[in-house]
Structures are given as structure tokens and as C-alpha cells.
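Below you'll find the structure, written out as C-alpha cells, and then a few comments.
Reminder, nothing fancy here: chain letters follow the sequence lines and each chain counts from 1.
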Number of protein chains: 4
Amino acid sequence: MFNINIMSDKPIYEQIIDSIKELSLKHILKPDDKLPSVRQMASMLSVNPNTVSKAYQELERQKIIYTVRGRGTFMSAYSERPIDYERLEKALEGLRNICVELVHLGYDKNKIYEEIDKIQLGIEGGIK
Amino acid sequence: MFNINIMSDKPIYEQIIDSIKELSLKHILKPDDKLPSVRQMASMLSVNPNTVSKAYQELERQKIIYTVRGRGTFMSAYSERPIDYERLEKALEGLRNICVELVHLGYDKNKIYEEIDKIQLGIEGGIK
Amino acid sequence: MFNINIMSDKPIYEQIIDSIKELSLKHILKPDDKLPSVRQMASMLSVNPNTVSKAYQELERQKIIYTVRGRGTFMSAYSERPIDYERLEKALEGLRNICVELVHLGYDKNKIYEEIDKIQLGIEGGIK
Amino acid sequence: MFNINIMSDKPIYEQIIDSIKELSLKHILKPDDKLPSVRQMASMLSVNPNTVSKAYQELERQKIIYTVRGRGTFMSAYSERPIDYERLEKALEGLRNICVELVHLGYDKNKIYEEIDKIQLGIEGGIK
DNA sequence: GTGGTCTAGACCACT
DNA sequence: GTGGTCTAGACCACG
């Protein structure tokens, strides 16, 4: 479910964020589902609670989740989540760099398309 | 030519690396073309020579460029650049993450394809 | 433990790399052992932290060590270290040159063998 | 005969030195054989005459060759060549490092011995 | 002229 | 605390 790789170059808190986003996209985490508490999550993943906390804070900032004092943390409704143009810009920049890298590694446009097809983004049911 | 953004979260030396890779893909930098010297590039970009040097060394490690002592730094032949499966693996992983992110931000598969088309990778003349 | 000779023609960062490789071969540094932090090592050896950092980064690139962000740097498992055929090629070329040199300096094959025996590579317990 | 690799990390002048030493070891260059002039050698190898000159100067310093004004440069008699302990020390240090590297790359002592056997140092007819 | 190495000291993100 | 990045400025070997 959560594939955290402590040796990755990607910060652990970002890995947690991305994992939760991915579970959401795959409808494994649905609106108003309860997330594990910071401490539970931390021991599940064998990471420092601070790290989980940082991930949750960032997810809350992005309106992906919300917290209810004394009750816990929950997934937001899809409609709650605004388009974050800054993040979009960064993501497109990242896409651009990855494609340059892939072409350098011998890929052409069609092979890139094939890879994207493989990803199975669950777009059909998609987020609106 | 070189758009270096000192405020970006991406390290400057990586920006230089990516810029050179991109110029190569667009056939603006061709095999055996001479790159600006470390010092020239540094003053062009208003960065420290060490930073440029780090970028050049990494590019050389990746066989994108080669250096001739006392003469300068040059673009490698395309055929010199072997496929690095480890880098490929990481790039595909990155592609996957970016796509998940983009769908999260409201993109669907077709819009992603459109973005990739925009990049204009100079794939037509193709590598190799 | 670490014999760094600042007057040597060999770069300090390479001396550090070689020292760590040697300590590994002698099983003084074992998998998952923690290395001194960049700063500790730097003050131990009376060199600049950047120099140690460069050595550690190269060792990481070679999969001899791995770093865990915020925690430190550790020896890799032997099995993590893939055979790098390019480095092997270079090393064999180097061996060839050294032997030619040694013969030139009056050594014969048996004396070279003796020298290699002296090195005590800890091959008995062997890698892998 | 002379394999000069302009892209190698080894300085060109050292490559020339090693080539001449190797030709000597293989008795292709015998005592009192005439070497090409600096200019001839430079154009043969497509390198800067200064570079050849530097190689010849170093070889002369090591008593491997001698120059006769107006006549040219010649190989010394084997007996002329003193054992240079400083160089010997460096060579042994180099041997040690190469062996450590090779063991790191999966070699054991016997495989190293095999490699040395392959080199065919022409030791039988040997020097001295 | 070129790139490679090193120092001194700084700031940053991550844990 | 950790490693990663960057600047400023220096010295060196090579061609």
C-alpha cells in the first residue's frame, strides 16, 4: 500500500504525500475515509512521527485531507480540492524534463505514450 | 539559450545539465561541438565556475560530453551514449509519478499527450 | 586507519575513497556500518568537508556506500555492489601498465606476486 | 605501435612515456635505436610538439633515452638505467590500489595472477 | 587558455 | 544532527 523507500532521493514526507494521492486516484481512499493517525502511520511505515506530520500538514494545505480536532484526519471531497496552478506548473516542468531524459535514453514519443498507457491512471472513472 | 532560475528548487547544476541535454535533443548542440569553457559558461550564467564544473563532470559521467585536457569540453557522438538502464528505470518511475500528479491536478491522458507534443523534442531527426 | 597524504599527487578525495574501499575489503568496515559524518571525517583528516563530501558522493555512485537523509552514511551490502565492467576494464589496463612499469624497475613476475601477497586483501573471507 | 588516446584521463605525455617503455620491454626498441624527432613524433601522433618534448625530457631524466646534439635521441643501454626507488614506491602503491579495486570488482588473488600471466611481459628474455 | 582540486565558510532541507 | 548545494577565490597540471 505504502511503498516508502528510505534510501530514495525523494524525501520520505513527499513519498507519503504521493502515496496518499495515488490511493485516492485509485479510489482506494474515498472522500471522508479516515486516515491512520500520525503515530499509527509512523509506526506502520517505521518512520519518524514528525515526518508523517509534515506530510499530513502539506496534504491539508493542499486541501487533499482535512482534520477534525479530536476525531482524526479524513480525505476531502474531490470538489474541495482546488487546482493549484503553481503545482501544475512544476508538474509540467517535471514532465518536460522526464521526456527529455527518456529521449536521451533512447525512447521516442510513441514509446513514451505506451508507457503512459501502461500506468492505468483510472482516468475513465476519473476525477472531475 | 540557457534559462537558469536561481530561485528554482532544482539545483543550478541540474538545470545546466538539463539545458544541455535539451539543446542536444533539439540539435542545437551537435556531436563534437565545443561547449563554452567552464569560466565562460559561469560568467554567462552568473554562477560560480564550480557549479558549472559540477554539471560538466556529471554530463561527462553520463557520456553526454567529453573533455580534452587543455582544450575544452565537447558534445559526444550520439552513439557514444549507452543506455543506462538504471537511469531509465528512475525516469520511468518519475514519469509515472508526474502523470499521477497531473491527473490529480485535473489533466487527463489526452491533455498529457498534448503537453508532450508541445515539448518538440526534435525526435523527427531522431537520435541514432 | 585513514592515511591521508596531503602532499601526494593523488587527490585527497581519491585517497579517502581508496581508504574506505580498503577498510571494507579488510572487513574493518562491514555492511550497514555507519561512516563518520562528513564533518567528523573532515576534522579527523584535517581536510575541508567538501572534499570528504566529494569522496562520499563518488562512493555512493559506485554503490559502495549509501546515505540516509538526515541520518548519515553507511556501508552497502556486498551484494548491492554490481560489477562495473567499464571500471573493470580500466583497472585491468592499469594493472597492465603497473606491471610493465615494475618490470622496467627490475621486478619479475614472482616479485610482483610477492607484493600482491603482502597486500593482505582479506580475500579469504571473500566478498559475496 | 603508439596508442595515444587523447580522451584518456592519463596525460598524453605520460602515454608517450609508457609506450616507449613498453616498446623497450618488448625489445622492439633496443639500446641505441634512434627515436623519431620531436616534430616527427608529434605529427605521427597528431599532438603538440611541446607534449612530445615533455615526454622526451622526462625519459631522459629517467635515463631511458639520451640525446646527442644535432644527431637525435636514442635508447639508453639497459645498464644505464638506475633503479629509481621513488618511482618504485609509487608503482607499488599503484599496484596496491589496483588490486583493491579489482577485488572490489569481484576478482580474487588467483584471477589477478591470471591477468598478470596474460600480460606477457617478456620477462624470460628479461631485463638484466 | 583549459579543466581539476581544494579551502573557507555559508545556507538549505530533511530527520 | 545529517548530507547537498553554492559562492568566492586559489593553485595546479596540461597543452
Side-chain angles (χ1 to χ4, degrees), chain A residues 6-16 42 46-55 58, chain B residues 4 6-16 34-42 45-60 65-74, chain C residues 4 6-16 34-42 45-60 65-74, chain D residues 6-16 42 45-55:
Chain A
I6 202 172
M7 287 176 58
S8 161
D9 53 340
K10 195 199 285 185
I12 294 173
Y13 83 96
E14 274 190 32
Q15 295 183 48
I16 296 172
S46 309
V47 300
N48 193 305
N50 286 332
T51 305
V52 177
S53 178
K54 186 165 185 178
E58 175 62 16
Chain B
I4 300 305
I6 204 169
M7 300 302 295
S8 163
D9 54 338
K10 193 201 287 184
I12 296 174
Y13 81 95
E14 275 189 30
Q15 295 182 48
I16 297 173
K34 188 178 187 309
L35 290 169
S37 80
V38 169
R39 288 168 181 78
Q40 282 174 343
M41 181 72 93
L45 305 179
S46 309
V47 300
N48 190 290
N50 282 331
T51 306
V52 178
S53 181
K54 185 166 185 179
Y56 278 19
Q57 283 178 42
E58 175 61 19
L59 283 165
E60 181 162 23
I65 66 177
Y66 63 90
T67 64
V68 182
R69 245 205 323 289
R71 296 210 202 149
T73 307
F74 306 84
Chain C
I4 300 304
I6 203 169
M7 300 300 296
S8 163
D9 54 339
K10 194 200 289 184
I12 297 173
Y13 81 96
E14 275 190 32
Q15 295 183 49
I16 297 172
K34 188 175 185 311
L35 290 168
S37 80
V38 169
R39 289 167 181 78
Q40 282 173 344
M41 181 72 93
L45 306 179
S46 308
V47 299
N48 190 289
N50 281 331
T51 305
V52 178
S53 182
K54 186 167 184 177
Y56 278 19
Q57 283 178 41
E58 175 62 18
L59 284 165
E60 181 162 24
I65 65 178
Y66 63 89
T67 64
V68 182
R69 246 205 322 288
R71 296 210 201 150
T73 307
F74 306 84
Chain D
I6 202 173
M7 288 177 57
S8 162
D9 53 338
K10 195 199 285 185
I12 295 173
Y13 83 97
E14 273 190 32
Q15 294 182 49
I16 296 172
L45 306 180
S46 311
V47 300
N48 192 305
N50 287 334
T51 306
V52 178
S53 178
K54 186 165 184 178

Quickly work out the C:Gln15 CD to E:dT5 P distance and round it to whole Å.
13 Å

Send over the distance from C:Ile6 CD1 to F:dC11 C1', rounded to a whole Å.
13 Å

Does OP1 or OP2 of F:dT2 have a side-chain N or O of C:Thr73 closer than 4.0 Å?
no

Does C:Lys54 have a side-chain nitrogen or oxygen under 4.0 Å from the phosphate oxygens OP1 or OP2 of E:dT5?
yes

C:Arg71 side chain, from C-beta outward: closest of F:dT2, E:dT15, F:dC14:
E:dT15

Kindly give the heavy-atom pair with the smallest separation between B:Gln15 and B:Lys10, and that separation in Å.
NE2-O, 2.9 Å

Judged by nearest nucleotide, the residue sitting upstream toward the 5' end of DNA chain E, B:Gly70 or B:Glu60, is B:Gly70

Would you kindly give the CG-to-C1' distance between A:Asp9 and E:dA13, to the nearest whole Å?
14 Å

Would you say E:dG3 has OP1 or OP2 under 4.0 Å from some side-chain N or O of B:Gln57?
no

Integer-rounded Å distance: F:dA13 C1' and D:Glu14 CD:
10 Å

Roughly, in whole Å, what's the span from CE in B:Met7 to P in F:dT5?
18 Å

In terms of heavy-atom contacts, C:Val38 and C:Pro49 come closest through CG1-O, 3.4 Å

Does F:dT7 have OP1 or OP2 sitting under 4.0 Å from an N or O in the side chain of B:Thr51?
yes

Looking only at heavy atoms, the pair that brings B:Met41 and B:Tyr56 closest together is CE-OH, 3.3 Å

Sugar-phosphate, base or nothing in reach of B:Asn50, heavy atoms under 4.0 Å:
base

Tell me if the side-chain of B:Arg39 makes a donor-acceptor pair with the base of E:dG3, cut-off 3.5 Å, by modelled atom types.
yes

So, does B:Arg69 use its side chain to make a donor-acceptor pair with the main chain of D:Ile6 at under 3.5 Å?
no

Phosphate OP1/OP2 of F:dG3 contacted by C:Thr67 side-chain N/O (<4.0 Å):
no

Mind checking the CD1-CG spacing from D:Ile12 to D:Asn50? Nearest 0.5 Å is all I need.
11.5 Å

So CE of D:Met7 and CZ of B:Phe74: to nearest 0.5 Å the spacing works out to 10.0 Å

Let's see if you can work this out: which of F:dG4, E:dT2, E:dT15 has an atom nearest to the side-chain heavy atoms of B:Gln40?
E:dT2

Nearest heavy atoms of A:Val47 and A:Val52, plus distance in Å:
CG2-CG2, 3.7 Å

Rounded at 0.5 Å granularity, tell me how far NZ in C:Lys34 sits from CD1 in C:Ile65.
11.0 Å

Any side-chain N or O of B:Arg69 less than 4.0 Å from the OP1 or OP2 oxygen of F:dG15?
yes

Looking at D:Tyr13, does any N or O in its side chain come under 4.0 Å of the phosphate oxygens OP1/OP2 on F:dC14?
yes

Starting at atom CG of B:Leu35, determine the distance to atom P of E:dG1, rounded to an integer number of angstrom.
19 Å

Closest approach to the side chain of B:Pro11, judged atom by atom: which nucleotide of F:dG15, F:dT5, E:dG4 is it?
F:dT5

How do C:Ser53 and D:Asn48 order along DNA chain F: which one's closest nucleotide is nearer the 5' end?
C:Ser53

Take atom CD of C:Glu58 and atom P of F:dG3, then tell me their distance rounded to the nearest Å.
17 Å

Bracket notation of DNA chain F in which parentheses pair within the strand, [ ] cross earlier pairs, and | pairs with another strand (Watson-Crick or G-U, under 3.5 Å)
||||||||||||||.

Would you kindly give the CD1-to-P distance between B:Ile16 and E:dG3, to the nearest whole Å?
13 Å

